[in-house]
Number of protein chains: 2
Amino acid sequence: MRPYSLVLEQLRSAGLRPTRQRLALAKLLFDGDDRHVTAELLHGEALQNGIRVSLATVYNTLHQFTTVGLLSEIVVDSQRSYFDTNISRHHHFYFENSGRLEDICGEDIIVTQMPTLPSGTSLNRVDVVVRVNDAA
Amino acid sequence: MRPYSLVLEQLRSAGLRPTRQRLALAKLLFDGDDRHVTAELLHGEALQNGIRVSLATVYNTLHQFTTVGLLSEIVVDSQRSYFDTNISRHHHFYFENSGRLEDICGEDIIVTQMPTLPSGTSLNRVDVVVRVNDAA
DNA sequence: GTGATTGCAAATCTTTTGCACTAAA
DNA sequence: TTTAGTGCAAAAGATTTGCAATCAC
């Protein structure tokens with residue numbers, strides 16, 4: 001996790017103006033432990049904390065932060081986008097029942113053999129999702 | 001890939017009536033090489049082949065086939081669902097640019113170390129997605 | 001000031017649903 | 001017949017977009 005104090009300069013260097021909304025959302029996201037959020041969730045949280053921001057702006061901000069490298073996007077559900085404040089190489093547990101995500105640190109999962117990439121392509125990243133069910 | 005001829009009995013044993021629509025979609029899906037489809041794609045293909053079927057029925061059918069074990073659902077894009085006629089244990093290349101999927105057979109990727117499952121959960125499955133970009 | 005950013009509401013896209021109609025058993 | 005399955009159109013949910021108002025520089 002990067003300290004919240006670094007966010008401001010990170011925004012500047014990416015050419016993103018540190019607006020009230022971006023700073024407030026950054027505080028929610030980065031001022032504490034690593035977390036996984038959806039746009040809807042972050043928006044609700046912002047409102048609860050008295051931050052006036054529209055859902056559209058939350059979407060924009062999440063994508064901008066992702067582009068800039070402050071967040072990474074995780075695909076585990078074909079219906080909803082999750083964003084992760086942990087941008088180091090790692091993988092995820094996905095609790096199918098609750099929709100909750102949990103990090104698996106990089107060393108706890110090891111992919112030894114890898115296939116040759118299709119010709120004319122370059123590797124973007126390898127995602128491992130361990131799907132679990134909460135035992136009844 | 002299972003031969004198309006097995007589909008009928010597979011439907012019966014699952015208690016699904018072999019209707020005109022289901023059989024036609026099954027033919028498109030299983031009468032040939034393994035494939036990856038979206039609902040929209042399969043629907044378009046059905047129409048092109050003169051099969052009258054509604055998009056809603058295509059969605060229903062894809063999910064029913066998945067429940068019955070004739071298809072497996074792949075999550076690689078948080079905006080769209082993909083279904084795979086290959087139901088053996090395997091993983092995928094995902095071409096971010098084109099949205100295309102390609103199978104990686106089970107032996108070509110090996111996950112050696114696995115984390116302990118969170119207590120009170122049972123493993124559903126492990127998905128590995130190798131995301132590649134078509135080199136410019 | 002000027003251009004980036006925001007909010008809102010409308011639009012879009014994928015998927016699901018309600019319900020009358022049709023077809024399989 | 002009886003019950004499952006289908007089509008359609010409407011609804012739902014997530015996300016994006018257009019545009020006028022607002023804010024950072």
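Here the structure is a predicted model, which means the values were calculated and not measured. Each chain gets a letter, A, B and so on, in the order the sequences are listed, and its residues count up from 1.
- Contact annotation: T38(B) side-chain N/O to dT14(C) OP1/OP2 distance is not under 4.0 Å.
- dG13(D) atom C1' lies 9 Å from atom CZ of R80(A), rounded to whole Å.
- One atom, CZ of R52(B), and another, C1' of dC8(D), lie 13 Å apart when rounded to the nearest Å.
- Taking 4.5 Å as the limit, some side-chain heavy atom of Q10(A) sits within range of a side-chain heavy atom of V68(A).
- We find that NE2 of H43(A) is positioned 17 Å from P of dG13(D), with the value rounded to whole Å.
- Closest-nucleotide positions on DNA chain C for A39(B) and R12(B) were compared, and the one nearer the 5' end corresponds to A39(B).
- Within the structure, a side-chain polar atom (N or O) of H63(A) is placed less than 4.0 Å from OP1 or OP2 of dT16(D).
- Comparing S78(A) and T57(A) along DNA chain C, the residue whose closest nucleotide (by nearest heavy atom) sits nearer the 5' end is T57(A).
- Computed from coordinates, the F65(A) CZ to dT5(C) P distance equals 11 Å when rounded to whole Å.
- For the pair L42(A) CG and dT15(D) P, the computed distance is 12 Å after rounding to whole Å.
- Between E40(A) and L16(B), the residue anchored nearer the 5' end of DNA chain D, judged by the nucleotide with its closest heavy atom, is L16(B).
- When distances are taken from the side chain of T19(A) to each of dA24(D), dT15(D), dT15(C), the shortest belongs to dA24(D).
- A straight line from CD of E73(B) to P of dT14(C) spans 15 Å, rounded to a whole angstrom.
- The separation between Y82(B) atom OH and dT15(C) atom P is 10 Å, rounded to whole Å.
- Neither OP1 nor OP2 of dA24(D) sits under 4.0 Å from any side-chain N or O of R20(A).
- Distances from the side chain of Q21(A) to the nucleotides dG7(C), dA24(C), dT15(C) place dG7(C) closest.
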Pairs under 3.5 angstrom only: tabulate donor-acceptor contacts from the side chains of residues 49-56 of chain B to other protein residues two or more places apart or in another chain.
{"from": "S54(B)", "atom 1": "OG", "to": "T57(B)", "atom 2": "N", "distance (Å)": "3.2"}
{"from": "S54(B)", "atom 1": "OG", "to": "T57(B)", "atom 2": "OG1", "distance (Å)": "3.1"}

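- In this pair, F95(B) and F93(B) present their aromatic rings tilted. The plane angle is within the 30 to 60° band.
- Applying the 4.0 Å criterion to OP1 and OP2 of dG5(D), one finds that R17(B) has every side-chain N and O outside that range.
- Candidate nucleotides dT6(C), dC8(C), dA9(D) were compared by shortest atom distance to the side chain of A56(A), and dC8(C) ranks first.
- Nearest to the side chain of L55(B), among dC8(C), dT16(C), dT15(C), sits dT15(C).
- Between Q79(B) and Q64(B), the one whose closest nucleotide on DNA chain D sits nearer the 5' end is Q64(B).
- When distances run from any side-chain atom of Y59(B) to the nucleotides dA24(D), dT16(C), dG7(C), the shortest one goes to dT16(C).
- Here the side chains of V130(A) and L117(B) are in contact, with some heavy-atom distance below 4.5 Å.
- Ring centroids of Y59(B) and H43(B) are separated by 6.0 Å or more, keeping the two rings apart.
- Across the protein-nucleic acid pair, L41(A) atom CG and dT15(D) atom P stand 12 Å apart, rounded to whole Å.
- Residues passing the salt bridge (charged side-chain N to carboxylate O under 4.0 Å, His left out) test with D103(A), sequence neighbours excluded: none.
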